Amino acid sequence: MTAPNALNAHGLAEAISYALTHGIIISKDRNTFGVNISHAPFTYLPSPVNSQCFQKAIDVTPALNRLIHAISQDRQYLQDVLAETAQADPDFTGRLYRLFLSVKPTDIQLAIARFDYFIQNVDDIPSLRMVEMNCISASFAGLGSQISALHRHIGTNPACGITIDPNSLPANDSLTRLCEGISITHQLFASRYEPPLPCVVLMIVQPGELNSFDQYMIQSSLWTSSNITVVRSSLASLSTQCKLDESGFLRINPVGIALDEAIVSVVYFRAGYTPNDYPSEKEWSGRELLERSNAVKCPSVAMQLVGTKKIQQVLDLPGHVERFISDETEAKAIRSTFTKQYSLSANEDVEDTVRMALDRPGDFVLKPQREGGGNNLYGDDVKIALTKMTAPERSAYVLMDRICPVQVENVIVRDGQHQETTVVSELGIFGVHVVDGEKVINFAAGSLLRSKAASQEDGGVAAGVAVLDSPMLVD
Ligand code: ADP
Ligand code: MG
């Protein structure tokens, strides 16, 4: 590939035009819809990603799918690990935890996860390091697959002035494969329960969502590929359009849609992962209504709890992965991606851990039980927080060794402007897992690469820090 200085005005205009004409779009304003929009921020070039690490991330995905599924089914384990954390963070993790304790698992389960990694050089060898497992609302399957196509387009179009070997750009089918997972589950629901009305998929969204076009790609693909109607609703407006019937079906009379009463087969959450999504009791009642129904929740509240930072820290302890994954090779493959994490539980002796973090705060990341980027603490903030907090308050956090990802040069394109910069890239692999009794469907479902300026510590695309990217595989 030629260097970023091969960037020319034609190539840039081509990339922006491609983005706008292929739906790589975000809203800029929560109060209007479809008016104030822009191309989503992206890198002009695909960033190099070590091909072995990329393949390893894909290969380990079915085992990770199995792992998170098995944890979500082990109620005792979730209680043992999360009871203290729930107490330390009563208004969010605690609330989810109490809801989990009060509901029964459904017959069919669907997980759509995304496993995120950095690649770090260890003794000059590129090595895959898991950042986190996202078990709820893993976004950008839509826009991400389009970015892969954008890079293929400009990288193979001589007029853009860059030449990229198309064989180094992996095909990205995240959108179709996620839809496949939802569609299969929708059909399994219909076969198992034989509902008395047509079924729809219910997508739970945030009011004023800026990333709704990524969601809409799933919505429109489900119709095009499988004739499945998707109804969008916020948690707050569920009470006006949904009710539970005596058989456990979630009946919906969608407001403002030309659709008769229907039954919800799958609830797909693109909201509900942050306390901001529950500003009042109304949203919690909506969530509870969903959890009490026989609709397949993607994810169930149990699966959402599997994605907490606390569970991910505990998995790093000896025996925990192995409790759920009996195949030694698989368990080893999972473990080989882990980065060391440390408990801050008030029930354990964590003084050495705290001292270590106070001595070398730059070497660690302090993580609360939150999702969505922008919540972690780094460097001096780790020190300040750990000094200030009481022991029970610390229990709401985990500590993780800081990963130092490889840095590469790229060009960030945002709001039509470009900036050459050094970036680090976070590779996400989507996983789809469906279980209905003995029937199991389990696959890796495409990738997402997000890059951010190497100087930035935290924050995703939604937080305005990272931008969409795609991998260019290198040795
Ligand atoms: P969230 O659920 O908020 O996305 P993450 O664990 O993914 O939480 O952390 C958010 C961001 O913080 C990541 O995208 C990454 O940039 C950075 N980060 C998280 N863990 C580490 C780590 N161990 N080392 C370096 N950076 C990290
Ligand atoms: Mg993350």
Side-chain angles (χ1 to χ4, degrees), residues 41 47 57 64 68 85 89 92-93 96 112-122 127-141 144 211 269-277 299 303-316 337-342 344 353 356-357 360-379 381-382 396-408 422-431 447-469:
S47 289
L64 285 166
I68 60 172
T85 318
D89 178 29
F92 187 58
T93 312
L96 293 170
I112 295 179
R114 204 188 62 225
F115 306 99
D116 288 341
Y117 308 87
F118 279 137
I119 294 173
Q120 175 174 0
N121 279 334
V122 181
S127 148
L128 194 64
R129 291 271 155 266
M130 189 185 285
V131 174
E132 67 152 342
M133 308 191 295
N134 297 283
C135 296
I136 181 166
S137 196
S139 56
F140 291 120
N211 191 26
F269 283 93
R270 291 297 292 262
Y273 56 86
T274 148
N276 303 338
D277 289 341
M303 182 58 90
Q304 182 173 356
L305 289 172
V306 176
T308 52
K309 305 293 187 273
K310 183 64 191 175
I311 292 283
Q312 301 183 45
Q313 173 258 308
V314 168
L315 283 176
D316 191 38
T337 68
F338 284 0
T339 291
K340 189 136 187 57
Q341 302 201 40
Y342 310 84
L344 289 168
T353 301
M356 174 182 77
R360 295 184 286 115
D363 291 347
F364 303 98
V365 180
L366 188 60
K367 296 187 168 188
Q369 310 304 313
R370 292 290 179 270
E371 306 270 348
N375 299 300
N376 300 337
L377 298 175
Y378 303 82
D381 291 338
V382 172
Y397 291 77
V398 301
L399 192 72
M400 183 173 185
D401 278 352
R402 188 160 178 173
I403 308 166
C404 298
V406 290
Q407 304 188 352
V408 298
T422 307
V423 300
V424 295
S425 304
E426 191 169 331
L427 172 68
I429 304 293
F430 288 97
S447 64
L448 169 74
L449 198 71
R450 291 168 301 162
S451 294
K452 60 179 183 177
S455 54
Q456 295 278 358
E457 283 162 329
D458 200 325
V461 179
V465 175
V467 307
L468 298 170
D469 196 347

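We use all heavy atoms of the structure for the numbers below, so side chains are in, but hydrogens, waters and symmetry mates are not. Indexing begins at 1, ligand by ligand and atom by atom, following the structure's order. Worth saying up front: this structure is predicted, and the values here are computed from it rather than measured.
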R370, portion touching ligand 1 at heavy-atom distance under 4.0 Å: backbone

Which segment of D116 sits under 4.0 Å of ligand 1 when only heavy atoms are counted: neither

E132/R114 salt bridge by N-O under 4.0 Å criterion: no

Suppose I only count heavy atoms of [X] and a 4.0 Å limit; which atoms of ligand 1 are within that range?
X	answer
R402	24 (N), 25 (C)
M400	23 (N)
K309	1 (P), 2 (O), 6 (O), 8 (O)

Look at ligand 1 and say whether [X] reaches it with a heavy atom at a distance under 4.0 Å.
X	result
E457	yes
R450	no
V424	no
Y378	yes

Which atom names give the shortest non-hydrogen contact between [X] and [Y], and what distance separates them?
X	Y	result
L449	S47	CD2-CB, 4.0 Å
S425	S451	OG-OG, 2.8 Å
M130	T339	O-OG1, 4.2 Å
D277	G272	OD2-N, 2.6 Å
V122	R129	CG2-NH2, 4.5 Å
P361	G379	CB-O, 3.2 Å

Atom pair CG/CG of N375 and L366 - distance to nearest 0.5 Å: 11.5 Å

Report the nearest protein non-hydrogen atom to [atom]: residue, atom name, distance rounded to 0.1 Å.
atom	answer
atom 23 (N) of ligand 1	D401 O, 3.0 Å
atom 24 (N) of ligand 1	I403 N, 2.8 Å
atom 11 (C) of ligand 1	D458 OD1, 3.1 Å
atom 3 (O) of ligand 1	G373 N, 2.7 Å
atom 7 (O) of ligand 1	E132 OE2, 2.8 Å
atom 16 (O) of ligand 1	K452 NZ, 2.7 Å
atom 6 (O) of ligand 1	K367 NZ, 2.7 Å

Number of protein N, O or S atoms [distance to the Mg ion (ligand 2) under 2.8 Å]: 1

Can you check whether [X] has an N/O within less than 3.5 Å of an N/O in ligand 1?
X	result
N134	no
E426	yes
T339	no
F118	no
N376	yes
G374	no

K310 and Q313: side chain donor to acceptor below 3.5 Å: yes

D116 and N134 side chains, donor-acceptor separation under 3.5 Å: yes

Among L366, T274, V365, closest by any non-hydrogen atom to atom 22 (C) of ligand 1: V365

Whether K452 side chain and V461 backbone form a donor-acceptor pair below 3.5 Å: no

Q369 side chain vs K309 backbone, donor-acceptor pair below 3.5 Å: yes

Where at least one partner belongs to residues 370-379, residue pairs that pass salt bridge (charged side-chain N to carboxylate O under 4.0 Å, His left out), sequence neighbours excluded: D89-R370

F269 side chain reached by P299 side chain, heavy atoms, under 4.5 Å: yes

